[in-house]
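Working notes, beginning with the structure itself.
Indexing begins at 1, ligand by ligand and atom by atom, following the structure's order. Note that the structure is predicted; figures quoted are calculated from it, not measured.
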Amino acid sequence: MTVQTSIFNTPVSDVDPFSFDVLEDPLPFQADLRAAGPVVYLAKHDVYAMGRFNEVQAALSDWQTFQSAAGVGLSNFRYEKPWRPPSLLLEADPPHHDAPRAILTKILGPREIRTLGESWAEDAEELVDDLLARGTEFDAVTDLAAAFPLRVFPDAVGIPQAGRENLLPYGDHAFNAFGPPNELVAKGALRVAELSASIAAQCARDVLTPDGFGAQIWAAADRGDITEAQAPLIVRSLLTAGVDTTVNGLAAVLYAFATNPDQWARLRENPDLSRTAFDEAVRFESPVQTFFRTTTHDIEVGGTLIPEGKKILMFLGSANRDPERWDNPDAFDLGRDPSGHVGFGFGIHQCVGQHIARLEASTILNALAKRIVTIEISGPTRRHHNNTLRAWESLPVRVELA
Ligand code: OVM
């Protein structure tokens, strides 16, 4: 095996992937990254980057080499104090990761959440009826993609009404905080104490309804599966990871349909495609664009020797559009099998809430497909910039009713 002992033969990029231009449209940068090589050194942040599907998937599969416990943002927890107590799931590795993960895997499992789908279907129909009664032009972000998760998910967790308005701003800051300390983080830092206190208050046992995910997490503490100190932090994970992600996943699928009318017609003909549609939108848009890992030992990847203790930036969105892995990757196509995308990650940290996300998406898509014949963009669309999320601020749409 020939290994490099310096970075000098590794492609180097001066581009800041967290800059305004890349956040506005990351696709050209990601194409350059994939073309440059399997591993690229990002000089601006002194990190390595992977943009090709094979390397991203392999690194996500190898948690022993590419650890999460030093943080999955740019900040290295070995040297820098995290902005909040680390997540017991996202920012942990086995063995500490195992008990919290096992509990959430069970609580959020596909069978466990099936009954929620029935009551969510009623919520979805009521939301869509009320919206369409007001008119056939609306904002698909605020009126649907944000409105539906905020209507069903906080109730499913069992948090109080007070403070729900802080869920999206807190998540927005948490996802910004994985990036460099740029102006997006500075803006969020102004409110971080207030938002963190509000979220923490919603994780306490005595404020949670008796039947929600939150109460089930506390019940696991009663059984001794986790400690009482761990329980509120695991509830915090649901509140951090469960709102902005699904909002932008729904926005992604609605945007994809509004710009691909043939695919909307296809969904209308075959509503069973709603789950495929959501996963295809998660592949296509990758609402979570990137996560970092940290090397636990020197490792050679594609001819580059990555030293121990370095941060690796993994471009999930780029892997999901790698033409070596996907035919016609830039097409939103309900005819493909999108399973195997890395938009929910891969390996032991793969999104534990993905069944909830799919249930929310298929429920709202089914309600929309019953009533809406066509959906099109009716005004200027606006991206929302975030260091980690590919997000929308506004998607004005016009619909034609059945
Ligand atoms: C967490 C978490 C998990 C996934 C994503 C995420 C902010 C957070 O456990 O807090 O993003």
Side-chain angles (χ1 to χ4, degrees), residues 18 60 63 66-75 77 82-94 96-105 107-108 149 153-154 157 159 166-181 184-185 188-189 191-192 195-200 202-203 213-214 216-217 220 226 229-249 282 286-293 313-314 316-317 342-358 360 384-391:
F18 305 98
L60 290 172
W63 58 266
F66 298 95
Q67 68 164 189
S68 291
V72 297
L74 176 62
S75 173
F77 293 176
W83 69 277
R84 62 174 193 168
S87 165
L88 302 181
L89 290 125
L90 183 73
E91 295 156 334
D93 295 301
H96 310 289
H97 173 262
D98 299 341
R101 174 72 192 203
I103 279 155
L104 282 191
T105 299
I107 294 172
L108 305 178
F153 186 69
V157 179
I159 59 171
N166 294 323
L167 290 168
L168 279 171
Y170 179 79
D172 190 48
H173 182 67
F175 281 99
N176 274 327
F178 295 123
L184 293 169
V185 176
R191 291 189 68 196
V192 70
L195 295 175
S196 298
S198 172
I199 296 304
Q202 301 175 56
C203 299
F213 301 142
Q216 294 180 60
I217 290 166
I226 51 167
Q230 289 178 309
L233 280 175
I234 299 172
V235 182
R236 191 193 69 176
S237 282
L238 298 187
L239 302 184
T240 314
V243 188
D244 301 65
T245 48
T246 49
V247 167
N248 286 296
V282 172
S286 302
V288 176
Q289 285 275 298
T290 48
F291 269 130
F292 290 83
R293 294 290 190 261
L313 181 49
M314 294 181 308
L316 310 178
V342 291
F344 288 124
F346 199 82
I348 65 166
H349 291 285
Q350 191 178 52
C351 180
V352 75
Q354 60 183 284
H355 308 293
I356 296 280
R358 288 198 187 97
E360 287 183 34
H384 173 77
H385 287 196
N386 181 285
N387 284 333
T388 303
L389 300 170
R390 186 143 159 78

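- Two rings, from F178 and F291, have their centers less than 6.0 Å apart.
- Distance CZ/F344 to NE2/H355: 9.0 Å, rounded to 0.5 Å.
- Selection from G345, G171, S237 by nearest heavy atom to atom 1 (C) of ligand 1 gives S237.
- Atoms of ligand 1 found under 4.0 Å from any heavy atom of R84, numbered from 1 in the order shown, are 1 (C), 10 (O).
- Listed by number with element, the atoms of ligand 1 under 4.0 angstrom from any heavy atom of S87 are 1 (C), 9 (O), 10 (O).
- Scanning the protein for heavy atoms near atom 3 (C) of ligand 1, the closest one is A241 CB, 3.5 Å.
- Heavy-atom contacts of T240 reach the following atoms of ligand 1: 7 (C), 8 (C), 10 (O) (cutoff under 4.0 Å).
- Proximity of H349 to ligand 1, defined as any heavy-atom pair under 4.0 Å, is not found for any part of the residue.
- Looking at N248, its side chain never comes within 3.5 Å of a backbone N or O of P287 through a donor-acceptor pair.
- For atom 8 (C) of ligand 1, the closest non-hydrogen atom of the protein is L90 CD2, 3.6 Å.
- Between H97 and W63, the ring centre distance reaches or exceeds 6.0 Å.
- Taking the six-membered ring for Trp and thresholds of 30 and 60 degrees, H173 and W83 have ring planes more than 60 degrees apart, a perpendicular arrangement.
- At distances below 3.5 Å, at least one donor-acceptor pair connects side-chain atoms of Q350 with backbone N or O atoms of G345.
- Under a 4.0 Å criterion applied to the non-hydrogen atoms of F178, ligand 1 contributes the atoms 7 (C), 11 (O).
- Scanning the protein heavy atoms around atom 11 (O) of ligand 1, the nearest turns out to be F175 CZ, 3.0 Å.
- Using a distance-only test at 3.5 Å, with no hydrogens or angles considered, no donor-acceptor pair links the side chain of H349 to the main chain of E91.
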